[in-house]
Amino acid sequence: MLFYMTMFAVVLNITACGSNQQQGTQTTTVSNISTPARTAPVKTASVTDTHWTLVELNGNPVEASSGVFIFMNSSDGRVHGNLSCNSFSGSFTLQEGNRISFSQLVNTQMLCIAGMEIEAEMSRILQLADNYNLTETQFVLNRARMAPLARFEVVSED
């Protein structure tokens, strides 16, 4: 009986050590017995299917109240959003190497007292942008190796 219990403990220990090499696990040691503990996966934002709010334009902060956002739908290759006063829509293309292009952009033509400078600059940036950077919480539109044109943050699901 002692032999079987010892063999069971050895097999359990080998199995536990082998599972520590799996991605997304950590080892928790309690009384010299190792058991795998699952870590919560970090949710990384995607360029597409994420609601991005403008926070910086040409290096200048933009107030959240501006309402400027962009959303790119992966299922149909369409983009839509708000430029501050007017809505826009069109198509987008993503290519290898974080390349991006927007085309067939159209927007409503309402005249607003405030926010027209942001709107005009965002329209220009959507035409100029040719690449992007992506982090867990930020999406940045760039032109060649110039300074970032527009910086967006992911909208919280809360």
Side-chain angles (χ1 to χ4, degrees), residues 15-29 34-158:
T15 304
C17 289
S19 68
N20 289 340
Q21 296 175 0
Q22 295 176 353
Q23 187 174 1
T25 61
Q26 292 179 336
T27 302
T28 305
T29 303
S34 295
T35 57
R38 290 276 173 204
T39 57
V42 175
K43 184 174 188 231
T44 302
S46 169
V47 172
T48 59
D49 303 322
T50 300
H51 187 105
W52 296 103
T53 298
L54 183 69
V55 293
E56 184 180 289
L57 192 60
N58 293 319
N60 299 312
V62 174
E63 291 184 27
S65 62
S66 71
V68 179
F69 76 91
I70 188 170
F71 184 89
M72 293 172 278
N73 190 329
S74 64
S75 65
D76 61 5
R78 303 286 300 162
V79 60
H80 74 273
N82 186 292
L83 298 170
S84 180
C85 173
N86 289 291
S87 302
F88 77 95
S89 65
S91 299
F92 73 94
T93 305
L94 297 177
Q95 297 175 337
E96 193 172 311
N98 288 0
R99 309 285 294 163
I100 192 167
S101 63
F102 298 97
S103 60
Q104 302 173 343
L105 294 174
V106 295
N107 58 298
T108 59
Q109 298 292 310
M110 296 187 306
L111 178 61
C112 300
I113 296 171
M116 292 307 289
E117 302 84 21
I118 292 173
E119 182 155 327
E121 189 59 16
M122 269 305 299
S123 293
R124 187 181 78 80
I125 285 171
L126 290 172
Q127 296 295 324
L128 285 176
D130 64 2
N131 70 82
Y132 67 91
N133 295 339
L134 180 68
T135 67
E136 290 179 9
T137 59
Q138 289 193 346
F139 167 59
V140 181
L141 288 174
N142 307 300
R143 171 73 178 185
R145 294 181 182 216
M146 297 169 46
L149 300 172
R151 184 179 314 275
F152 298 84
E153 287 186 353
V154 67
V155 174
S156 172
E157 294 179 12
D158 296 338

- Task: Write down the atom of Pro148, the atom of Asn142, and the distance for their closest heavy-atom approach.
- Result: CA-OD1, 3.4 Å
- Task: Specify whether His80 and Phe71 have parallel, tilted or perpendicular ring planes, treating 30° as the upper limit for parallel and 60° as the lower limit for perpendicular.
- Result: tilted
- Query: Among all residues two or more places apart in sequence or in another chain, which pass the side chain to side chain contact (heavy atoms under 4.5 Å, CB included) test with Ser123?
  - Reply: Leu83
- Query: Looking only at heavy atoms, what is the nearest atom pair of Cys85 and Met116, with distance?
  - Reply: CB-SD, 4.2 Å
- Compare every heavy atom of Asn131 with every heavy atom of Arg143, then report the nearest pair and how far apart it is. C-ND2, 4.0 Å
- Name all pairs fulfilling the salt bridge (charged side-chain N to carboxylate O under 4.0 Å, His left out) condition that reach into residues 50-59, sequence neighbours left out, sorted by first residue then second. Glu56-Arg151
- Item | Listed partners of Gln95 passing side chain to side chain contact (heavy atoms under 4.5 Å, CB included), at least two apart | Thr93, Arg99
- Task: Decide yes or no on side-chain contact (heavy atoms from CB on, under 4.5 Å) for Val79 and Met72, but give the supporting numbers first.
- Result: CA-CA 4 Å; Val79 60; Met72 293 172 278; 3.6 Å; yes
- Query: Under the 3.5 angstrom rule, does the side chain of Gln138 hit a backbone N or O of Glu136 as a donor-acceptor pair?
  - Reply: no
- Item | side-chain hydrogen bond (donor to acceptor under 3.5 Å, both in side chains) partners for Ser74, two or more places apart | Asp49
- Which residues pass the side-chain hydrogen bond (donor to acceptor under 3.5 Å, both in side chains) test with Ser87, sequence neighbours left out? none
- Roughly how far apart are Ile125 CD1 and Leu54 CG, rounded to 0.5 Å? 7.5 Å
- Task: Write down the atom of Met122, the atom of Ala150, and the distance for their closest heavy-atom approach.
- Result: SD-CB, 4.3 Å
- Message: Between Met146 and Leu128, is there a side-chain heavy-atom distance shorter than 4.5 Å?
- Response: no
- Query: If every non-hydrogen atom of Asp130 is compared with every non-hydrogen atom of Ala144, which pair is closest and at what distance?
  - Reply: OD1-N, 3.0 Å
- Task: Check side chain to side chain contact (heavy atoms under 4.5 Å, CB included) between Ser66 and all other residues, then give those that pass, not counting sequence neighbours.
- Result: Val62, Val68, Ile118
- Item | Gap separating the OG atom of Ser101 from the CD atom of Gln127, nearest 0.5 angstrom | 10.0 Å
- Item | Residues which pass salt bridge (charged side-chain N to carboxylate O under 4.0 Å, His left out) with Glu63, listed by chain and number, not counting sequence neighbours | none
- Task: Quick one: closest heavy-atom pair of Gly67 and Asn82, and the distance?
- Result: O-CB, 3.5 Å
- Query: Asn133: what forms a side-chain hydrogen bond (donor to acceptor under 3.5 Å, both in side chains) with it, not counting sequence neighbours?
  - Reply: none
- Message: With ring pair (Phe, Tyr, Trp, His ring centres under 6.0 Å) as the rule and sequence neighbours excluded, what pairs involving residues 87-119 come up?
- Response: none
- Does the side chain of Leu126 come within less than 4.5 Å of Leu141's, by heavy atoms? yes
- Item | Gln104: partners by side chain to side chain contact (heavy atoms under 4.5 Å, CB included), with sequence neighbours left out | Arg78, Ser91
- Item | ring pair (Phe, Tyr, Trp, His ring centres under 6.0 Å) against Phe152, all qualifying residues, sequence neighbours excluded | Phe139
- When you measure from the side chain of Trp52 to the backbone N and O of Val140, does any donor-acceptor pair fall under 3.5 Å? no
- Listed partners of Glu121 passing side-chain hydrogen bond (donor to acceptor under 3.5 Å, both in side chains), at least two apart: Asn58, Arg124
- Reported CG-to-OG distance for the pair Leu105 and Ser103, which is rounded to 0.5 angstrom: 6.5 Å
